[in-house]
2 protein chains.
Amino acid sequence: MTGHTQRGQCAKRMSILDAAADVFCRQGFAAASIDEIAAVACVSRQTIYNHYREKETLFVAVVEDVMNRANAMLFSVLSAFPDNADNLEDDLTVFVVRLNKNCLCNHDGKFLRKLVQTEGERYPHLFESWRQHGPGKLTTALSALLARLAQKGALVIDDFDVAARQFVALANADLQMMTLFGGTPTDAELEKAARNAVRTFLRAYGRPPAENAGAQPQLAAVSG
Amino acid sequence: MTGHTQRGQCAKRMSILDAAADVFCRQGFAAASIDEIAAVACVSRQTIYNHYREKETLFVAVVEDVMNRANAMLFSVLSAFPDNADNLEDDLTVFVVRLNKNCLCNHDGKFLRKLVQTEGERYPHLFESWRQHGPGKLTTALSALLARLAQKGALVIDDFDVAARQFVALANADLQMMTLFGGTPTDAELEKAARNAVRTFLRAYGRPPAENAGAQPQLAAVSG
DNA sequence: GACCTCTTAGACAATGGCGTCTAGTTTTAC
DNA sequence: GTAAAACTAGACGCCATTGTCTAAGAGGTC
């Protein structure tokens with residue numbers, strides 16, 4: 001019955017949430033002013049207080065909103081990995097590119113990492129759920145994925161959890177500094193970083209592709 | 001002539017700097033109040049304004065102070081790596097433990113990472129110098145160290161810069177999440193993380209120790 | 001003791017942001 | 001068309017903080 005109003009309200013809400021995410025991310029919770037958020041959202045200040053009781057309520061809503069988006073995207077990227085990996089190196093590289101581009105280095109990823117550092121101590125419960133559903137889910141899902149690949153004989157891994165964490169770490173190795181300083185990697189940089197990460201990961205955990213075991217393994221493929 | 005007075009002033013200055021670092025790190029620049037800094041430093045507010053013209057001046061001084069300490073510590077850890085590495089795995093493990101404990105996961109490291117994220121965009125010049133002298137120096141020094149080890153035949157590396165970044169990334173793989181959430185790793189966790197990192201790094205870039213080239217390399221040492 | 005510098009505690013105006021309220025306008029529902 | 005709901009613009013009180021100023025105290029040298 002209130003469909004139209006809901007749509008109008010919903011648009012306002014999203015506009016407010018987007019603007020608040022922008023301002024909170026740039027300024028931090030304390031320095032962000034409601035007036036600036038209202039200006040960015042092209043909305044009256046009273047409208048914000050109409051939707052959210054106070055500044056902290058708005059902040060919590062923003063974080064939860066971004067968390068939901070980020071989790072959905074993470075799930076999407078994770079489930080896009082092919083079940084039958086025919087070319088492991090290429091498949092992993094595509095996966096790492098997508099992971100970096102859509103989850104780790106994108107707008108929401110930077111927002112969450114930044115906010116969890118600045119306000120994490122002040123809102124432990126808020127980010128604890130993100131910790132479980134975000135990075136926690138990532139490592140467990142990756143761990144399961146690596147276990148599957150190991151069972152197929154494509155990888156040789158003793159500790160799947162450690163390998164999963166190292167996989168993520170390697171995927172970020174080349175981009176960490178850039179993202180720390182606010183930069184956004186280009187597609188070429190993403191591709192290069194992913195290739196470096198996957199190559200090293202496979203050099204550590206990969207198996208020689210052929211059945212002639214004992215032959216020169218991946219290690220000797222270092223070309224220089 | 002004013003030697004005693006100078007010492008007293010110096011003590012006050014350090015007390016102020018320490019307190020300000022503490023408060024700035026916890027609250028961020030905007031939310032940190034001069035009164036709280038004064039209270040933590042056990043100093044009158046006027047004394048702070050006596051030493052530093054305004055809040056921003058104090059902030060810059062704090063960041064520079066921490067940067068200097070961090071750089072000195074980094075240099076110390078880097079130069080502690082033995083010239084003649086007899087047992088590469090153990091030497092690297094000790095090195096990673098020291099790196100994490102004294103540079104990356106310690107008080108100053110967390111402070112700089114946090115502040116560079118929260119205030120980096122507002123003070124680009126301030127943290128640009130840290131970027132060069134901190135992480136920049138670390139990767140170049142590590143790159144040189146790896147090149148030295150490769151020349152000795154202990155490692156097989158095609159791109160030293162990439163390997164250096166990956167080394168740091170692996171060193172942080174197990175601790176990243178903990179430090180992101182403000183926790184401090186125990187000695188046992190540091191040891192374990194370092195061992196995992198070095199083992200994987202050597203699995204990727206290591207050389208079989210013996211001269212019987214072509215034999216089963218490190219890859220087969222996976223015990224499970 | 002006289003003097004000088006640093007420090008302290010507190011008062012002070014000025015600023016700015018938060019959250020409330022009101023009056024007036026637009027949009028939506030029926 | 002009308003009524004209800006939502007939005008806008010702006011004023012308002014309140015509070016925290018910044019940075020200045022003043023009067024008094026502490027510690028040192030000569």
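Chain identifiers are assigned alphabetically (A, B, ...) following the order of the sequence lines, protein sequences preceding nucleic acid strands; residue numbering begins at 1 within each chain.
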Residue pair T93(B) / E191(B): nearest heavy atoms and the distance that separates them: CG2-OE2, 4.1 Å
Spacing of D35(B) atom CG relative to dG19(D) atom P, expressed in whole Å: 11 Å
Length of the OH-C1' vector between Y52(A) and dC18(C), whole Å: 18 Å
Spacing between R53(A) atom CZ and dT20(C) atom C1', to the nearest angstrom: 15 Å
Nucleic acid contacts of residues 17-26 of chain A, taken as heavy-atom distances under 4.0 Å to DNA chain D: none
Length of the line joining K12(B):NZ and dA26(D):C1', which is rounded to integer Å: 10 Å
Spacing between I34(B) atom CD1 and dT18(D) atom C1', to the nearest angstrom: 8 Å
Contacts under 3.5 Å, N or O only, protein and nucleotides 9-16 of chain D:
from    : atom 1 : to     : atom 2 : distance (Å)
dA11(D) : N6     : R45(A) : NH2    : 2.8

Sugar-phosphate, base or nothing in reach of A32(B), heavy atoms under 4.0 Å: sugar-phosphate
Distance-only side-chain donor-acceptor flag, R122(A) / Q27(B), under 3.5 Å: yes
Gap between atoms CG and P, on N50(A) and dC21(C) respectively (whole Å): 13 Å
Among dC18(C), dC6(C), dG19(D), the one nearest K55(B) by side-chain distance: dG19(D)
Output field: ring centroids F181(B)/F127(A) closer than 6.0 Å: no
Aromatic ring proximity, centroids under 6.0 angstrom, Y123(A) and F59(A): yes
F201(B) ring center near Y205(B) ring center (under 6.0 Å): yes
Listed once per pair and sorted, the salt bridge (Lys or Arg N to Asp or Glu O under 4.0 Å) pairs that draw on residues 45-56 of chain A, sequence neighbours left out: D35(A)-R45(A)
Whole-Å gap separating P (dG17(C)) and CD (E54(A)): 18 Å
Heavy-atom neighbours of K110(A) NZ exceed 12 at 6.0 Å: yes
From dG17(C), dT7(C), dG19(D), nucleotide with atom closest to Y49(B) side chain: dG19(D)
Nearest-Å distance for atom pair CZ/C1', residues F29(B) and dT18(D): 11 Å
